[in-house]
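Protein chains get the first letters and strands the later ones, always in sequence-line order, with residue 1 at the start of each.
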There are 2 protein chains.
Amino acid sequence: MSHTLGIRQAQKQKTRQAFLDAALALLEEQSLSSLGLREVTRAVGVAPTAFYRHFRSTADLGVALVDEALGSLHPMVRTTVSATGDSEERITRAIELIARHVDAYPAHVRFIARERHGGVQPVREAIRAQLHRFAEEVKSELANDPEAAGWSDDDLLMLAHLYVDQMLITASLFLEALEAPAQERERVTQLAARQLRLISIGRSHWLD
Amino acid sequence: MSHTLGIRQAQKQKTRQAFLDAALALLEEQSLSSLGLREVTRAVGVAPTAFYRHFRSTADLGVALVDEALGSLHPMVRTTVSATGDSEERITRAIELIARHVDAYPAHVRFIARERHGGVQPVREAIRAQLHRFAEEVKSELANDPEAAGWSDDDLLMLAHLYVDQMLITASLFLEALEAPAQERERVTQLAARQLRLISIGRSHWLD
DNA sequence: TCATCCAGTTAACAACTGTTCTCTGGAATT
DNA sequence: AATTCCAGAGAACAGTTGTTAACTGGATGA
């Protein structure tokens with residue numbers, strides 16, 4: 001059941017979202033550890049002290065951004081991994097999905113790539129936790145595949161992490177190629193496809 | 001022929017190295033884009049203006065750190081990839097080498113992982129260039145392997161990039177496990193080994 | 001020996017930072 | 001209608017930042 005928010009709560013959420021949007025925009029050219037509280041409030045058009053009504057610190061804001069960037073992505077991952085069709089079809093479909101996501105939410109992708117190993121510990125931790133969730137989900141989907149017969153749990157999780165990392169590497173490549181000519185984007189697509197193909201081959205001969 | 005530096009040049013290089021060391025230490029808990037010039041000079045124990053005798057900006061210092069962290073690593077990579085022995089031996093040797101390097105130079109590894117996608121464009125560019133050099137070197141070593149017969153140049157470079165990225169992922173995992181119990185470090189070792197094993201299997205069936 | 005060089009110093013600049021306390025005005029509750 | 005609540009404003013705090021200009025004193029080269 002969804003309760004309609006009062007005028008007050010609604011306005012507060014709107015301001016909060018404005019903080020997240022402004023921060024994400026500012027973070028295209030710097031890291032979270034150098035993002036100033038006043039800088040964000042200035043971009044939102046609000047008094048510096050208003051910040052504290054929504055976040056304890058910029059690190060806190062960063063954790064919220066992690067949730068926004070990755071939280072809603074879980075269903076997408078599950079359906080992509082478990083998609084039907086032969087191996088080659090699944091590869092091209094997965095890569096196209098990544099490319100579209102980078103096109104649609106470049107700032108989100110940049111934020112995650114940047115802060116995954118960034119200078120703010122709670123944010124690193126939040127990203128690590130989300131990526132681990134992805135890996136577990138990928139693993140449980142892989143387990144449904146007939147090809148996974150005979151695989152140990154550890155090996156399945158190993159493969160899942162390989163896929164998740166590969167997904168991030170590919171997303172980062174597409175991000176770098178965002179403003180590049182279509183030819184460069186195509187090169188990235190082909191590279192990522194062949195890397196996934198090689199992993200797929202290794203996977204099918206794993207138990208030899 | 002190595003010319004002995006004058007007292008003056010020697011002292012200058014010493015101070016410069018002190019800047020690099022101090023910056024690297026400060027960067028364990030923040031990103032380069034938030035590193036202040038005064039912060040560094042304070043840590044070195046020198047006047048703020050002395051900074052300009054060595055670097056144009058903190059971004060410039062960052063580029064110098066990239067060279068220090070990755071520049072001397074190229075011979076190591078070549079010999080590791082081209083090492084003799086069967087596939088399994090090579091995998092364990094490569095991983096052990098990475099683990100030792102992370103133990104010996106954790107701050108360097110952290111810096112590269114952090115700034116690879118960080119907020120300072122010239123530094124990102126410098127890291128990208130160095131990693132591309134690594135990939136080219138790995139590729140030229142792979143080409144010497146009899147297993148590479150029939151491989152296209154593009155496919156060799158694709159595999160080389162896969163190895164380089166995997167190397168960075170593994171280094172980053174060891175970094176996170178630096179202060180963890182030996183059991184956790186062993187888990188990382190086993191995980192990395194199996195991932196390399198899977199890639200190796202995919203490699204040997206690539207031309208099927 | 002003497003003039004030149006130059007790594008590092010000192011002082012000062014306006015601009016910026018995070019955080020505190022107090023206040024306000026409209027929404028929410030009674 | 002009267003009261004409480006609370007998102008945001010305003011002002012002020014001590015400290016910080018990058019960059020400038022003019023300097024000092026020991027190494028360097030003629």
Task: Between P of C:dA15 and CD of A:E39, the distance in whole Å - done: 17 Å
Task: Polar side-chain contact B:T49-D:dT20 base: donor and acceptor under 3.5 Å - done: no
Task: DNA chain C: 5'-proximal contact among A:R53 and A:L35 (nearest heavy atom) - done: A:L35
Task: Phosphate OP1/OP2 of D:dT4 contacted by A:R8 side-chain N/O (<4.0 Å) - done: no
Open item on the list: Of the options D:dA9, D:dT19, C:dT19, whose atoms approach the side-chain atoms of A:L37 most closely?
Closed with: C:dT19
TODO: Report yes if at least one side-chain N or O of B:T15 is closer than 4.0 Å to OP1 or OP2 of C:dG8; otherwise report no.
DONE: yes
Task: Proximity to the side chain of B:A50 - top-ranked nucleotide from D:dG8, C:dG18, C:dG8 - done: C:dG8
Task: Short side-chain N/O contact from A:R42 to OP1 or OP2 of C:dG18, under 4.0 Å - done: no
Open item on the list: Return whichever of B:R38 or B:I7 has its heavy-atom-nearest nucleotide of DNA chain D closer to the 5' end.
Closed with: B:R38
Task: Structure string for DNA chain D in dot-bracket form, Watson-Crick and G-U at under 3.5 Å, | interchain - done: ||||||||||||.||||.||||||||||||
- [ ] Have a look at B:A47 and say if it touches a base, only the backbone sugar-phosphate, or nothing, with a 4.0 Å heavy-atom cut-off.
- [x] base
TODO: Please report, rounded to the nearest Å, how far the P atom of D:dA7 is from the CZ atom of A:F51.
DONE: 15 Å
